[in-house]
Protein chains: 4
Amino acid sequence: MARGINKVILVGNLGNDPDMKYTQGGMAICTLSLATTSVRKDKDGQQIEKTEWHRVKLFGKLGEIAGEYLKKGRQVYIEGSIRYDKFTGQDGVEKYFTDIVADEMQMLGGGGGGGAEGGGRDFDREERTSRPAPRQAAAPRREAAPAKSNDFGDDFADDDIPF
Amino acid sequence: MARGINKVILVGNLGNDPDMKYTQGGMAICTLSLATTSVRKDKDGQQIEKTEWHRVKLFGKLGEIAGEYLKKGRQVYIEGSIRYDKFTGQDGVEKYFTDIVADEMQMLGGGGGGGAEGGGRDFDREERTSRPAPRQAAAPRREAAPAKSNDFGDDFADDDIPF
Amino acid sequence: MARGINKVILVGNLGNDPDMKYTQGGMAICTLSLATTSVRKDKDGQQIEKTEWHRVKLFGKLGEIAGEYLKKGRQVYIEGSIRYDKFTGQDGVEKYFTDIVADEMQMLGGGGGGGAEGGGRDFDREERTSRPAPRQAAAPRREAAPAKSNDFGDDFADDDIPF
Amino acid sequence: MARGINKVILVGNLGNDPDMKYTQGGMAICTLSLATTSVRKDKDGQQIEKTEWHRVKLFGKLGEIAGEYLKKGRQVYIEGSIRYDKFTGQDGVEKYFTDIVADEMQMLGGGGGGGAEGGGRDFDREERTSRPAPRQAAAPRREAAPAKSNDFGDDFADDDIPF
DNA sequence: TTTT
DNA sequence: TTTT
């Protein structure tokens, strides 16, 4: 029941290896630094380059895949939405952050393999931690991911899909 | 693990009321006829209009919402993917169809309310029927749709979401 | 010769009337405050709304059209790119801004009429001023806009277009 | 003054080398066959792949760049719009075609270099020819492409751009 | 600050 | 077949 569309599509290269963090519950939070460069011609006809560095967040299973396969320099397709955040530091100064919250990621350029999809856009906030998820917590969660046979939710049987 | 991106974004007006069909299993198939008009200037400076009529398919719950709220003339946002189909008629002639398979829909222009999301992109093909879904089959299915509290699949608990 | 894609698509409502400024040379800079609201279900099944306020910039002719036709509350489609800026205030504190630089705008919901396109993405920076463009400067510029009969640039004659 | 949005974003691989044709006036028409593959899980949990083959048209300078740099197998980003066409063959049978008319193209995966932009969406129709453009016609046209210093059209001087 |  |  959203009102409005907030959609971002990026194709760029990673400036660094993915930064992985995990919540206390073991959910992955992967942060990418992604460069997109545009070029225009100067009034003297010279090429002017401008690079934007996007901070991209991938959560959950999508973040795990990103952390496992992406590397510095790698080219990647990201689809997601823009999220603006404001924090007040201990010094009382407000700080603003803009994140791209990914809900689709695809490695480009052959080397990597396919893509991945997942992750909703807006969730409750909780303390995050940089401790890696304890094996016994995180690992079973991954394996618990069910092989969903369709994306319609639970209101259809699998043999009820007409195309 | 898709390889490639196939994404369509449309904003247009409906040429007709939605066309509703249901599978034998009771799944809704809603077909929209959606116009997008572009304008360019002629070599004589005159405005030339060109209208494309898109055949948009919405399946399952998304199709039901479309069928309930959309009407002829209504402006709508559609996000989905392109699907090309080929059928051979009884006369042996091959016929080609291009559909936009929606995975997001949003009514525009105030009158209608919010948006809806859902429906995957590619599924098995099955015979379709134009008989409305029998009450005793379809109704429970709709009600069976669980109030999913997140989109991460089943590998997180609800209280494990850090933002 | 850009390297990368930096694309934003927004559909939202204006929180205020457009803010118009003009460069010393008379170019319009229109700033919009655009809300997009997403909804998700809470772990208790309750609807949680989150609204992002996007700062959208439209330059030149596109900005003039926006300033003329858009109003507070109006629903609009915006396509553009993300631009991150950093300024150091007089207090020496760095401030960060994120803008959506529009290159397409379309009014939604009937009331307004069509759309408009224009404006490149990256240009030289120059001091901006809030004084309206002087008539004798701005007006001729607007009229000077030629009725381009195609978008291929100057390397084709008008009668050389094959479709 | 378009009414509606008709936007397609594709990332895929070429099934063949680009097919080049030229109008009598020397304008390039480049046709690509572009594959996008999506994967879903079967009801038995097996991966089901579905490949869509898009027919992408690039005109003018954009088509020339595509013809020069793209090759079979190459991965490419395409942005454009959908165009539906209907022709009646000599046998009196109507034939339907769906094209993606590109207005942006970018080579992916390192090997190729940057991207290119250009080409409007809808133009007059004219007979097309497969003869290559005569050197004396096409070559000067390419060189005649002016080094536009901005995209605002002719209504601003170059030093009138505020960012 | 919008909208439904 | 829509819409402005």
Side-chain angles (χ1 to χ4, degrees), chain A residues 1-6 82 84 86 96, chain B residues 10-20 30-40 46-56 65-66 68-78 99-100 105-117, chain C residues 10-19 30-40 47-56 65-66 68-78 99-100 105-117, chain D residues 1-6 82 84 86 96:
Chain A
M1 242 66 71
R3 293 190 304 283
I5 298 294
N6 172 0
I82 311 178
Y84 308 100
K86 183 172 75 174
Y96 294 84
Chain B
L10 302 174
V11 173
N13 295 82
L14 298 191
N16 282 303
D17 285 347
D19 173 69
M20 298 299 294
C30 175
T31 304
L32 305 178
S33 188
L34 188 68
T36 59
T37 301
S38 61
V39 184
R40 67 173 188 89
Q46 287 188 292
Q47 304 263 36
I48 304 292
E49 296 207 344
K50 177 120 195 294
T51 296
E52 304 295 345
W53 285 98
H54 308 269
R55 191 169 77 163
V56 179
I65 294 169
E68 186 168 2
Y69 292 107
L70 296 180
K71 290 288 168 217
K72 176 177 177 172
R74 187 77 205 239
Q75 191 179 38
V76 69
Y77 170 96
I78 292 287
D99 290 327
I100 308 304
M105 182 272 293
Q106 198 155 132
M107 290 166 268
L108 301 175
E117 199 171 333
Chain C
L10 303 174
V11 173
N13 295 84
L14 298 190
N16 281 304
D17 286 346
D19 173 68
C30 175
T31 303
L32 305 177
S33 189
L34 188 69
T36 60
T37 301
S38 61
V39 184
R40 68 172 188 88
Q47 304 264 33
I48 304 291
E49 295 207 346
K50 178 121 194 295
T51 296
E52 305 295 344
W53 285 98
H54 308 269
R55 191 169 76 163
V56 179
I65 294 169
E68 186 167 3
Y69 292 106
L70 296 180
K71 290 287 168 216
K72 177 176 176 173
R74 187 78 205 238
Q75 191 180 38
V76 69
Y77 170 95
I78 292 287
D99 290 327
I100 308 305
M105 183 270 295
Q106 197 156 133
M107 290 166 268
L108 300 175
E117 200 170 334
Chain D
M1 240 69 69
R3 293 190 305 284
I5 298 295
N6 172 359
I82 312 177
Y84 308 99
K86 183 174 75 174
Y96 294 84

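These numbers come from a predicted model, not from an experiment. Chain letters run A, B, ... following the sequence lines, proteins first, then strands; residues in each count from 1.
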Could you check how far [atom1] of [X] sits from [atom2] of [N], rounded to whole Å?
| X | N | atom1 | atom2 | result |
| --- | --- | --- | --- | --- |
| B/L70 | F/dT1 | CG | P | 20 Å |
| A/I5 | E/dT3 | CD1 | C1' | 14 Å |
| D/R3 | F/dT3 | CZ | P | 10 Å |
| C/H54 | E/dT2 | NE2 | P | 16 Å |
| B/I65 | E/dT4 | CD1 | C1' | 15 Å |
| C/Q75 | E/dT2 | CD | P | 15 Å |
| B/L14 | F/dT3 | CG | P | 10 Å |
| B/L34 | F/dT3 | CG | C1' | 11 Å |

Open item on the list: Quick check: any donor-acceptor pair below 3.5 Å linking the side-chain of B/N16 to the base of F/dT1?
Closed with: yes
Task: Distance-only donor-acceptor test (3.5 Å): side chain B/S33, base F/dT1 - done: yes
Open item on the list: Looking at F/dT2 and B/W53: do their rings stack (centroid distance under 5.5 Å, interplanar angle under 30°)?
Closed with: no
Task: Qualifying residues under side chain to side chain contact (heavy atoms under 4.5 Å, CB included), relative to C/T51, sequence neighbours excluded - done: C/A35, C/T37, C/W53
Open item on the list: Could you tell me if the side chain of D/I82 sits less than 4.5 Å from the side chain of B/H54, heavy atoms only?
Closed with: yes
Open item on the list: Is there a side-chain contact between C/Q75 and C/V11 in this structure, where contact means two heavy atoms from C-beta onward sitting under 4.5 Å apart?
Closed with: yes
Open item on the list: Please give me the minimum heavy-atom distance between B/V76 and B/Q106, naming the atom from each residue.
Closed with: CG2-O, 3.4 Å
Open item on the list: Side chain of C/K72, heavy atoms from C-beta onward: which of F/dT4, E/dT1, F/dT1 has the nearest atom to it?
Closed with: E/dT1
Open item on the list: Taking the minimum atom-to-atom distance to the side chain of B/A35, which one of F/dT2, F/dT4, E/dT3 wins?
Closed with: F/dT2
- [ ] Kindly determine whether C/D17 and C/K72 satisfy salt bridge (charged side-chain N to carboxylate O under 4.0 Å, His left out), including the steps that lead there.
- [x] CA-CA 4 Å; C/D17 286 346; C/K72 177 176 176 173; over 6 Å; no
TODO: Identify whether any heavy atom of B/T36 sits under 4.0 Å from a base atom; if not, whether one sits that close to sugar-phosphate; answer base, sugar-phosphate or nothing.
DONE: nothing
